[in-house]
Amino acid sequence: MIKKVAVVGAGQMGNGITHVFALHNFDVTMYDVSESQLEKAKNTIEKNLQRQAKKGIINESDIKNTLSNIKPTTNLEDVKDVDFLVEASPEDEAVKLKLFKKLDSIVKPDAILASNTSSISITKIAISTKRPDKVLGMHFMNPVPVMELVEMIKGLTTSDETYETAIELAKSLDKKPVLSKDYAGFIVNRILIPMINEAIYVLYEGIASVEDIDKAMKLGTNQPMGPLTLADFIGLDTVLAVQNVLYENFKDSKYRPAPLLVKMVEAGYLGRKTGKGFYDYK
């Protein structure tokens with residue numbers, strides 16, 4: 001029975017995952033190395049809860065209850081007694097492998113460890129631990145409180161019991177799980193990120209402007225936002241990281257990152273989070 005949950009990383013994805021677990025009455029330990037990031041995350045969660053209450057999605061009383069379910073901490077040892085842990089650190093393989101090895105030594109042996117990675121091998125992450133049967137991918141979509149989808153990724157070492165437990169957990173959060181095999185990018189990013197990358201190539205080659213690329217894709221394919229707006233929302237550093245994972249894993253030139261994407265990340269133009277990407281948010 002899963003009662004205590006930990007979310008490691010309090011950034012954009014981590015605070016959303018924490019929000020959803022806490023709203024569904026799980027005790028959530030939210031860890032981050034930064035005290036200021038934890039404070040920012042708690043404020044974001046409260047604002048998003050208030051937004052949900054105004055829309056009638058939740059009751060006003062749910063706000064206080066949800067916030068009381070969250071325990072922010074900068075001490076990783078505080079996650080040791082949880083039943084289920086979701087890692088939401090940056091999309092960097094070396095960082096995740098190091099983190100999972102450390103988490104494995106801290107968290108009780110029968111707990112399940114899940115990664116919110118959107119592209120990195122779950123099998124590789126799993127074998128960095130001494131509990132490879134209890135490791136899987138649980139890729140939430142952004143913004144987590146709004147998006148219903150969760151990609152469930154079973155590594156080669158993930159047990160059926162672990163997988164089924166995580167699927168039922170996702171359903172208990174009112175999410176709709178889809179099942180994916182453990183190949184780079186899984187389902188959504190295997191399709192989405194190359195589309196964004198191709199849109200950046202269209203801009204790079206001077207075929208159309210930022211605004212017209214987005215307008216064309218919105219009106220022509222009925223997408224709620226254009227690919228360049230979406231790239232800014234995701235974060236161009238994350239887009240590049242996933243594109244590189246696809247390129248390195250499949251060794252296929254069709255996954256080569258657009259040179260403009262690389263330059264923009266080098267310049268620190270990462271989208272909404274830095275105030276500038278394909279659009280100016282300052």
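For the single chain, residues carry numbers from 1 onward in sequence order.
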Are E168 and E164 side-chain neighbours, meaning at least one heavy-atom pair lies under 4.5 Å?
no
Going only through I, L, V, M, F, W and Y residues with side-chain contacts under 4.5 Å, is there a path from F140 to I57?
no
Are N15 and T44 linked by a side-chain donor-acceptor pair shorter than 3.5 Å?
no
Strictly by modelled atom types, are N197 and Y255 linked by a side-chain donor-acceptor pair under 3.5 Å?
no
When you check the gap from the basic side-chain N to the acidic O, do E148 and K175 get nearer than 4.0 Å?
no
With distance as the sole test, does S119 use its side chain to make a donor-acceptor pair with the main-chain N or O of V245 at under 3.5 Å?
no
Taking everything shown except K273 itself, do over 12 heavy atoms lie less than 6.0 Å from its NZ?
yes
To the nearest 0.5 Å, what is the distance between CG (D27) and CD1 (I2)?
13.0 Å
With a sphere of 6.0 Å drawn around OH of Y201, does it hold more than 12 non-hydrogen atoms of other residues, nucleotides or ligands?
yes
Can you pull the salt bridge (Lys or Arg N to Asp or Glu O under 4.0 Å) pairs that have at least one residue in residues 47-75, sequence neighbours excluded?
none
Are L236 and V265 packed together at the side-chain level, in the sense that at least one heavy-atom pair is separated by less than 4.5 angstrom?
yes
For a 4.5 angstrom cut-off between non-hydrogen side-chain atoms, does K96 reach D92?
no
Which atom pair, heavy atoms only, marks the closest approach of M225 to K218?
C-CG, 3.7 Å
Which value, rounded to the nearest 0.5 Å, describes the distance between K181 atom NZ and L156 atom CG?
10.0 Å
Determine whether N244 and P257 make a side-chain contact, defined as any pair of heavy atoms from C-beta on separated by less than 4.5 Å.
yes
When you measure from the side chain of R272 to the backbone N and O of G235, does any donor-acceptor pair fall under 3.5 Å?
no
Going by distance alone, is a donor N or O of one side chain under 3.5 Å from an acceptor N or O of the other, for Q52 and H19?
yes
In short, G275 meets D280 closest at the heavy-atom pair O-OD1, 3.3 Å
Between T73 and D78, is there a side-chain donor-acceptor contact under 3.5 Å, judged purely by atom types and distance?
yes
Output yes when a side-chain donor or acceptor of Y269 lies under 3.5 Å from a complementary backbone atom of K263, and no otherwise.
no
Spatial distance of atom NZ (K215) from atom OG (S209) [nearest 0.5 Å]
9.5 Å
Nearest atoms (heavy-atom pairs only) where G277 meets D232
CA-OD1, 3.4 Å
Hey, are E87 and S115 close enough side-chain-wise for a donor-acceptor pair under 3.5 Å?
yes
Verdict with reasoning, L192 to L230, per side chain to side chain contact (heavy atoms under 4.5 Å, CB included)
CA-CA 10 Å; L192 177 66; L230 181 56; 3.7 Å; yes
Looking at NZ of K4 and CG of N69, how far apart are the two atoms once the value is rounded to the nearest 0.5 Å?
13.0 Å
Could you state the interatomic distance from CG (N65) to CG (N25), rounded to the nearest 0.5 Å?
5.0 Å
Where do I70 and A22 come nearest, in terms of heavy atoms and distance?
CG1-CB, 3.6 Å
Could you tell me whether E77 and K80 make a salt bridge, using a distance below 4.0 angstrom between a side-chain N and a carboxylate O?
no
Show the nearest heavy-atom pair for residues A166 and L136, with the distance to one decimal.
CB-CD1, 3.4 Å
Aromatic ring proximity, centroids under 6.0 angstrom, F21 and F26
yes
L67 and I63: CA distance, side-chain angles, deciding distance, side chain to side chain contact (heavy atoms under 4.5 Å, CB included) verdict:
CA-CA 6 Å; L67 294 173; I63 298 174; 4.1 Å; yes
Mind checking whether L203 and F278 have side chains closer than 4.5 Å, heavy atoms only?
yes
Partner set under side chain to side chain donor-acceptor pair (under 3.5 Å) for N116, not counting sequence neighbours:
none
Using side-chain heavy atoms (C-beta onward) and a distance below 4.5 Å, is T129 in contact with K101?
no
I'd like to know if M217 and L261 are part of one continuous hydrophobic network [Ile/Leu/Val/Met/Phe/Trp/Tyr, side-chain heavy atoms within less than 4.5 Å].
yes
Flag for Q223-T221: side-chain donor and acceptor within less than 3.5 Å:
yes
How about D182 and T123: does a side-chain donor come under 3.5 Å of a side-chain acceptor?
yes
Is any side-chain heavy atom of V82 less than 4.5 Å from a side-chain heavy atom of V107?
yes
Is K108 atom NZ crowded by more than 12 heavy atoms from other residues, nucleotides or ligands, each under 6.0 Å away?
yes
Donor-acceptor side-chain pairing of T162 and T165 below 3.5 angstrom
no
Intermediate values then yes/no, side chain to side chain donor-acceptor pair (under 3.5 Å), N249 and Y183
CA-CA 9 Å; N249 274 267; Y183 291 97; over 6 Å; no
Do V86 and L169 belong together in a cluster built from hydrophobic side chains that touch within less than 4.5 Å?
yes
Output yes when a side-chain donor or acceptor of E151 lies under 3.5 Å from a complementary backbone atom of I187, and no otherwise.
yes
Between CD1 of I234 and CD1 of I193, what distance do you get to the nearest 0.5 Å?
4.5 Å
In one Ile/Leu/Val/Met/Phe/Trp/Tyr side-chain cluster, 4.5 Å: V135, I120:
yes
Heavy-atom check, side chain of L85 versus side chain of V8, under 4.5 Å:
yes
Apply side chain to side chain contact (heavy atoms under 4.5 Å, CB included) to K154 and L179, showing your working.
CA-CA 8 Å; K154 184 179 183 182; L179 316 183; over 6 Å; no
State yes or no: do Y247 and F250 share one hydrophobic cluster built from I, L, V, M, F, W and Y residues joined by side-chain heavy-atom distances below 4.5 Å, directly or via other members?
yes
Neighbour count above 12 (heavy atom, 6.0 Å) for Y204 OH:
no
Nearest non-hydrogen partners of A170 and M152, listed with the distance:
CB-SD, 4.3 Å
Donor-acceptor pair, distance only, cut-off 3.5 Å: does the side chain of N59 make one with the backbone of S61?
no
Over 12 non-hydrogen atoms of neighbours within 6.0 angstrom of NZ in K42:
yes
Residues that Q37 engages under side chain to side chain donor-acceptor pair (under 3.5 Å), provided they are two or more places apart:
none
Of the options I153, V150, I112, which is the one that meets M138 in a side-chain contact (heavy atoms from CB on, under 4.5 Å)?
V150
Give the C-alpha distance, both sets of side-chain angles, the deciding distance and a yes or no for side chain to side chain contact (heavy atoms under 4.5 Å, CB included) between L76 and I106.
CA-CA 8 Å; L76 197 55; I106 294 172; 3.8 Å; yes
Scan side-chain atoms only and decide if D214 and Y279 contain a donor-acceptor pair under the 3.5 Å cut-off.
yes
